[in-house]
> 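Mind looking over this structure? Questions follow.
Throughout, numbering of the chain's residues begins at 1 and tracks the sequence. Side chains are part of it too, since the values below use all heavy atoms of this structure and drop only hydrogens, waters and symmetry mates.
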Amino acid sequence: MTYQSTTSGGPSVVRAEINQSANDSTDAYDRYEDFVSQNFCKLSYRIERESNFEIHSRLQSVDGFMIGRFITTAGRGDLIRTRAAINHDTNGRFALYVPIKGEQELQQFSRSQKCGPGSVAMISMAEPFIQRKLGDNDTIYFFMPHDFVDQRLMRNDSICARPVTVDNGIRRLVYDSVVSFQRDVSSMTDVEFRSAARILG
């Protein structure tokens with residue numbers, strides 16, 4: 001299910017949601033792929049199709065910013081961002097991965113690192129990458145426009161696929177803020193969402 005709010009004075013916040021299981025439909029994986037490609041970025045898949053597969057996701061986005069949460073059961077496999085996919089959707093955003101449950105492996109810029117609860121990692125959607133899901137997974141994603149990140153970080157490619165721990169200090173503040181934003185965003189107005197996304201970014 002996908003829906004969009006309507007406001008005056010500029011683009012409105014887009015809200016999208018999917019709740020699907022293999023028990024509901026034989027094309028649950030195809031629906032998952034379509035949802036991700038339409039709302040997240042164009043990806044190809046190498047996923048083990050299992051009878052107990054489930055996907056639950058809710059996201060909101062506007063002006064290149066997006067906050068979303070993906071919960072998958074029996075979701076082992078690779079999500080692959082190819083050069084052809086990049087040319088297809090020209091999505092140049094950066095994604096901050098905030099794992100809540102489950103471990104995954106991120107591969108980009110000739111680096112391969114595991115990322116799990118207690119850490120965060122950045123990925124560039126403008127460059128090829130592989131996200132290897134190692135099983136049941138619950139991850140929050142915070143997207144920021146490429147230009148927004150470029151204005152604030154030098155050599156932003158050097159931080160991609162390099163997980164950092166969130167034990168204390170500014171990293172813990174970022175982690176807690178992203179989690180709180182995703183939890184409370186459904187009750188925000190469009191104006192509040194737009195403002196909060198930029199502040200968090």
Side-chain angles (χ1 to χ4, degrees), residues 1-6 11-62 64-108 112 114-117 121 123-144 161 178-179 181-183 185-186 193:
M1 176 178 69
T2 303
Y3 55 98
Q4 180 169 343
S5 64
T6 56
S12 60
V13 174
V14 174
R15 296 173 170 88
E17 182 174 355
I18 183 173
N19 293 286
Q20 188 77 48
S21 74
N23 293 328
D24 297 333
S25 170
T26 56
D27 64 352
Y29 283 93
D30 294 332
R31 290 177 182 269
Y32 174 34
E33 182 174 356
D34 289 344
F35 180 84
V36 171
S37 294
Q38 290 175 17
N39 298 288
F40 190 71
C41 69
K42 182 68 175 176
L43 294 169
S44 57
Y45 292 79
R46 289 195 300 251
I47 296 180
E48 297 178 20
R49 293 179 177 254
E50 302 183 29
S51 60
N52 60 336
F53 171 78
E54 292 185 5
I55 169 68
H56 304 280
S57 179
R58 176 178 294 176
L59 59 85
Q60 299 192 63
S61 62
V62 71
F65 290 92
M66 187 198 80
I67 187 77
R69 187 168 185 169
F70 283 77
I71 302 172
T72 58
T73 302
R76 287 184 291 274
D78 294 346
L79 286 70
I80 306 163
R81 177 81 163 155
T82 64
R83 183 61 65 185
I86 294 167
N87 293 336
H88 179 268
D89 67 14
T90 62
N91 187 335
R93 296 182 292 183
F94 284 86
L96 182 69
Y97 285 57
V98 182
I100 305 300
K101 173 186 175 183
E103 195 173 49
Q104 50 193 297
E105 184 177 304
L106 303 177
Q107 301 177 18
Q108 190 171 56
S112 179
K114 288 185 177 179
C115 184
I123 287 289
S124 170
M125 299 292 126
E127 296 293 335
F129 71 87
I130 296 176
Q131 176 187 350
R132 178 160 293 149
K133 294 159 55 62
L134 303 177
D136 296 355
N137 198 269
D138 182 356
T139 304
I140 294 173
Y141 300 87
F142 179 57
F143 272 38
M144 295 167 283
V178 173
V179 172
F181 184 39
Q182 191 280 325
R183 182 192 63 219
V185 70
S186 61
F193 175 83

> Any chance you could lay out the side chain to side chain contact (heavy atoms under 4.5 Å, CB included) test for Tyr29 and Tyr45, step after step, and finish with the verdict?
CA-CA 9 Å; Tyr29 283 93; Tyr45 292 79; over 6 Å; no
> If you take all heavy atoms of Val13 and Gln60, which pair is closest and at what distance?
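Nearest pair, atom of Val13 first, then Gln60: CG1-OE1, 3.7 Å.
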> What are the two closest non-hydrogen atoms of Ala16 and Asn39, and how far apart are they?
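Minimum heavy-atom contact is CB-OD1, 3.5 Å.
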> Atom CG of Asp136 and atom OG1 of Thr73: how far apart are they, to the nearest 0.5 Å?
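Here the rounded value is 5.0 Å.
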> Ignoring hydrogens, what is the shortest heavy-atom contact between Ala74 and Phe53? Give both atom names and the distance.
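Scanning both residues, the minimum pair turns out to be O-CD1, 3.9 Å.
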> For side chain to side chain contact (heavy atoms under 4.5 Å, CB included), just list the numbers for Ile100 and Val179, CA-CA rounded to whole Å, side-chain angles, deciding distance to a tenth of an Å, and then say yes or no.
CA-CA 9 Å; Ile100 305 300; Val179 172; 4.1 Å; yes
> Checking salt bridge (Lys or Arg N to Asp or Glu O under 4.0 Å) against Glu127, which of Arg81, Arg83, Arg93 comes through?
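Testing each of Arg81, Arg83, Arg93 against Glu127, the sole residue satisfying salt bridge (Lys or Arg N to Asp or Glu O under 4.0 Å) is Arg83.
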> Write down the atom of Pro117, the atom of Gly102, and the distance for their closest heavy-atom approach.
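Closest heavy-atom pair between Pro117 and Gly102: CD-O, 3.4 Å.
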> Would you say Gln131 and Gln104 are linked by a side-chain donor-acceptor pair, where the criterion is simply a distance under 3.5 Å?
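The answer is yes; a qualifying pair exists.
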> Checking Tyr32 against Thr72 for the side chain to side chain contact (heavy atoms under 4.5 Å, CB included) test, could you report, in this order, the C-alpha distance in whole Å, the side-chain angles of both residues, the deciding distance, and whether it holds?
CA-CA 10 Å; Tyr32 174 34; Thr72 58; 3.9 Å; yes
> Taking the side chain from Gln108 and the backbone from Ser124, do they hold a donor-acceptor pair closer than 3.5 Å?
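Between the backbone of Ser124 and the side chain of Gln108 there is a qualifying donor-acceptor contact (under 3.5 Å).
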> Between Ile18 and Phe70, is there a side-chain heavy-atom distance shorter than 4.5 Å?
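No - every pair of side-chain heavy atoms lies 4.5 Å or more apart.
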> Identify the two heavy atoms, one from Leu106 and one from Ala121, that lie closest to each other, and give their separation to 0.1 Å.
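Looking at all heavy atoms of both residues, the closest pair is CD1-CB, 3.7 Å.
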> Rounded at 0.5 Å granularity, tell me how far CZ in Arg76 sits from CD1 in Ile47.
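The distance works out to 11.5 Å.
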> Should the ring pair Tyr141 and Phe40 be called parallel, tilted or perpendicular, given that the plane angle runs from 0 to 90° and is split at 30 and 60?
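Plane angle over 60°, so perpendicular.
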> Do Phe181 and Phe193 have their ring centres less than 6.0 Å from each other?
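Centroid distance Phe181-Phe193: below 6.0 Å, so yes.
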> How long is the straight-line distance from CE of Met66 back to CZ of Phe142, given to the nearest 0.5 Å?
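Here the interatomic distance stands at 9.5 Å.
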> What is the distance from atom CZ of Arg132 to atom SG of Cys115, rounded to the nearest 0.5 Å?
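Between Arg132 CZ and Cys115 SG, I get 15.0 Å after rounding to 0.5 Å.
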> Under a 4.0 Å threshold between the charged nitrogen and the carboxylate oxygen, would Asp138 count as salt-bridged to Lys101?
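Salt bridge: no.
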> What heavy-atom pair brings Leu59 and Gly68 nearest, and what distance separates the two atoms?
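Closest approach of Leu59 to Gly68: CB-CA, 3.7 Å.
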> At what distance, to the nearest 0.5 angstrom, does OG of Ser61 lie from CD1 of Ile67?
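It comes to 11.0 Å.
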> What's the spacing between Ile123 CD1 and Tyr97 OH if we round to 0.5 Å?
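These two atoms lie 5.5 Å from each other.
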> Run the salt-bridge test on Glu105 and Lys133 with the 4.0 Å N-O cut-off and return the result as yes or no.
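Looking at Glu105 and Lys133, the cut-off is not met.
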> Only counting residues at least two apart or in another chain, list the ones meeting ring-ring contact (aromatic ring centres under 6.0 Å, His included) with Phe65.
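Testing Phe65 for ring-ring contact (aromatic ring centres under 6.0 Å, His included), a comparison that skips the adjacent residues, returns Phe148.
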> Determine, step by step, whether Phe143 and Met125 satisfy the side chain to side chain contact (heavy atoms under 4.5 Å, CB included) criterion, reporting the C-alpha distance in whole Å, the side-chain angles of both residues, the deciding distance to 0.1 Å, and the verdict.
CA-CA 9 Å; Phe143 272 38; Met125 299 292 126; 4.1 Å; yes
